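Following: one structure in C-alpha cells, then a few remarks.
Computed from a prediction, not measured in an experiment: that's the story for all the values here. All residue numbers in this chain count up from 1 along the given sequence.
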Amino acid sequence: MEKQEWYLEYQIQYNRPGLLGDIASLLGMMAINIVTINGVEDSHRGMLLLCKDEVQISRLRSILRTVDTIEITKLRKPKLRDRLAVRHGRYIHSDVDDRKTFRFVRKDLGLLVDFMAELFMKEGHKMVGIRGMPRVGKTESIVAASVSANKRWLFLSSTLLKQTVRSKLIKEEFSPDNVYIIDGMVSARKASEDHWQLVREIMRLPAMKVIEHPDIFVQETEYKMDDFDYIIELRSDEDQVITYETAEKQQNHGFNDFGDGFNMFDF
C-alpha cells in the first residue's frame, strides 16, 4: 500500500527539554515517518508525515490529545499553505472577506515565489491577479516563479525592461505549458485592438495567465474579478496602501516600474 502524507501542527503549551524528541519517538513507535519539520509562527511546530493508513493517524490523534504539553491545531491531508508553512516557517495570510486573496510583503518574496511556482505547476486555465505599487517586485516575482516551476514565460504587455505591448505571437509561443504575463495598466493605456484580440485568444488557451493591476484590466475588458482564481497583493510593508494614482502618473509619462523613462516598445 502506498504511504499517505499528512500534516501535523501543534502549539507548545509547556516547552520543556526533550519535548520534540518524545514526539518523534512516539511517531517512530507508531511507524509514522517525519518527512519535514519546522517551527511555524509563534510557539507552533509543523510536520509533514508519511504513514500507511488513516488508522495510524486516528490513533496518533487520540494519544496526542492526552498530552498536556502540546495542543493539536491541525492534523489533516496537507494543503499548499501547509507545505509552504513548513518550508518557510510562516503561513500565507489570506483576506478575511475574500479567501482567494493572499497578502505578502516584500521581505517575504521567497515565500511568494514558492507560492506562485506551486500555482504555475497546476494544469489548465488559471488566472492570477497581482496588485502592488511600482518597484515592489511584482514582475520579478512572476519571472522567478516561472523559472522555479520550469515554465516558459511570455510578456503580452509589461514594463520590466521597456513598455512592451505585443499584438501577435509566433506559432511556437502558443502553448499550455507557458505562463502568459499581462500588465493590465499598460494594456489599458497603450494597446491596440490587435493586442486585445491576442489577449482574448490567450485567455481561451488552457494555460496560466498572470495579470498585473487586475482592477484596471477588468475595467477595460469583459472579464470580471470573479474570473480570477487567485488574487495576490504585494506591499513594501504591512501598512502600505495600494493605489493606482502614482502608477498611472508613471504610465502616462512613459515610465516603467523602475522609473527609468524608457519609451514604448511595440511588437
Side-chain angles (χ1 to χ4, degrees), residues 84 88 90-117 119-120 126-148 153-165 179-191 195 199 208-221 223-265:
L84 293 177
H88 292 271
R90 64 176 298 270
Y91 266 103
I92 296 171
H93 296 292
S94 57
D95 190 280
V96 175
D97 299 320
D98 184 4
R99 304 301 294 180
K100 70 178 181 182
T101 298
F102 298 89
R103 295 175 174 172
F104 297 84
V105 293
R106 187 173 175 82
K107 68 179 181 179
D108 297 322
L109 284 182
L111 177 58
L112 171 59
V113 169
D114 265 6
F115 176 63
M116 286 197 294
L119 299 183
F120 292 174
K126 290 287 186 299
M127 282 178 62
V128 176
I130 180 165
R131 299 182 179 120
M133 298 300 289
R135 296 182 296 277
V136 76
K138 300 184 298 297
T139 309
E140 296 87 341
S141 298
I142 299 169
V143 171
S146 301
V147 173
S148 179
W153 69 93
L154 285 171
F155 292 108
L156 301 188
S157 57
S158 174
T159 58
L160 183 61
L161 296 177
K162 296 185 177 183
Q163 285 200 6
T164 301
V165 176
V179 175
Y180 295 94
I181 306 170
I182 301 169
D183 188 311
M185 189 169 295
V186 173
S187 292
R189 298 291 180 265
K190 304 289 185 179
H195 169 76
V199 169
M208 177 64 66
K209 300 93 181 176
V210 185
I211 291 91
E212 298 182 42
H213 310 298
D215 305 273
I216 302 297
F217 181 78
V218 298
Q219 290 177 12
E220 302 295 329
T221 66
Y223 301 100
K224 303 176 182 177
M225 294 306 298
D226 290 340
D227 294 324
F228 286 86
D229 299 284
Y230 303 91
I231 297 292
I232 294 169
E233 295 181 351
L234 178 58
R235 294 173 169 82
S236 295
D237 55 69
E238 297 282 357
D239 299 323
Q240 186 180 41
V241 178
I242 298 175
T243 174
Y244 291 102
E245 182 179 355
T246 302
E248 285 178 337
K249 287 180 180 179
Q250 290 195 0
Q251 295 287 351
N252 291 335
H253 287 82
F255 292 175
N256 63 19
D257 256 0
F258 297 103
D260 51 20
F262 284 139
N263 293 325
M264 176 80 131
F265 194 22

Minimal heavy-atom distance between His195 and Ser187, with the atoms involved, is NE2-OG, 2.8 Å

Sequence neighbours excluded, the answer for side-chain contact (heavy atoms from CB on, under 4.5 Å) partners of Gln219 is Ile216

The single option from Met127, Met208, Lys209 that satisfies side chain to side chain contact (heavy atoms under 4.5 Å, CB included) with Asp229 is Met127

Contacts of Arg90 meeting side-chain contact (heavy atoms from CB on, under 4.5 Å) (sequence neighbours excluded), chain-then-number -> Glu41, His93, Asp108, Leu111

Q.
Donor-acceptor check, side chain of Ser157 to backbone of Asp183, threshold 3.5 angstrom: yes or no?
A. yes

To the nearest 0.5 Å, atom NE2 of His88 lies from atom CG of Asp114 at 3.5 Å

Tightest non-hydrogen contact, residues Gln240 and Arg235, listed as O-NE, 2.9 Å

> Would you say the side chain of Arg189 lies within less than 4.5 Å of the side chain of Glu220, judging by non-hydrogen atoms?
Replying inline: yes

Looking only at heavy atoms, the pair that brings Ile231 and Pro214 closest together is CD1-CG, 4.4 Å

Next item on the list: Test side-chain hydrogen bond (donor to acceptor under 3.5 Å, both in side chains) on Thr139 and Glu212 and set out the steps.
Entry: CA-CA 8 Å; Thr139 309; Glu212 298 182 42; 2.7 Å; yes

Exercise. Report yes if the side chains of Val147 and Trp153 come closer than 4.5 Å at any heavy-atom pair, otherwise no.
Key: yes

Those residues at least two apart in sequence (or on a different chain) that pass side-chain contact (heavy atoms from CB on, under 4.5 Å) with Asp239 are Asp237

Exercise for review: May I ask you to decide if the ring planes of Phe115 and Tyr230 are parallel, tilted or perpendicular, using 30° and 60° as cut-offs?
Suggested key: perpendicular

Rounded to the nearest 0.5 Å, the CD1 atom of Ile211 sits from the CD1 atom of Ile130 at a distance of 11.0 Å

Between Ser158 and Val186 the two heavy atoms that sit nearest each other are O-CG2, 4.2 Å

(request) Give a yes or no answer on whether the side chain of Lys138 reaches the backbone of Met133 with a donor-acceptor pair at less than 3.5 Å. (result) yes

ask   = Does the side chain of Val143 come within less than 4.5 Å of Glu140's, by heavy atoms?
value = no

Rounded to the nearest 0.5 angstrom, the CG-CG distance for Leu234 and Leu112 is 6.0 Å

Here the gap from Leu154 atom CG to Ile182 atom CD1, rounded to the nearest 0.5 Å, amounts to 11.0 Å

Heavy atoms of Ser236 and Val105 approach each other most closely as O-CB, 4.5 Å

Hits for ring pair (Phe, Tyr, Trp, His ring centres under 6.0 Å) against Phe228, two or more places apart or cross-chain, chain-then-number order -> none

Residues Phe217 and Gly184: closest non-hydrogen pair is CB-CA, 4.1 Å

Residues at least two apart in sequence or cross-chain that pass side-chain contact (heavy atoms from CB on, under 4.5 Å) with Ala144, listed by chain then number, are Val113

message = Can a donor-acceptor pair be found, under 3.5 Å and without considering hydrogens, that links the side chain of Arg106 to the backbone of Val136?
response = yes

Sequence neighbours excluded, the answer for ring pair (Phe, Tyr, Trp, His ring centres under 6.0 Å) partners of Phe120 is none

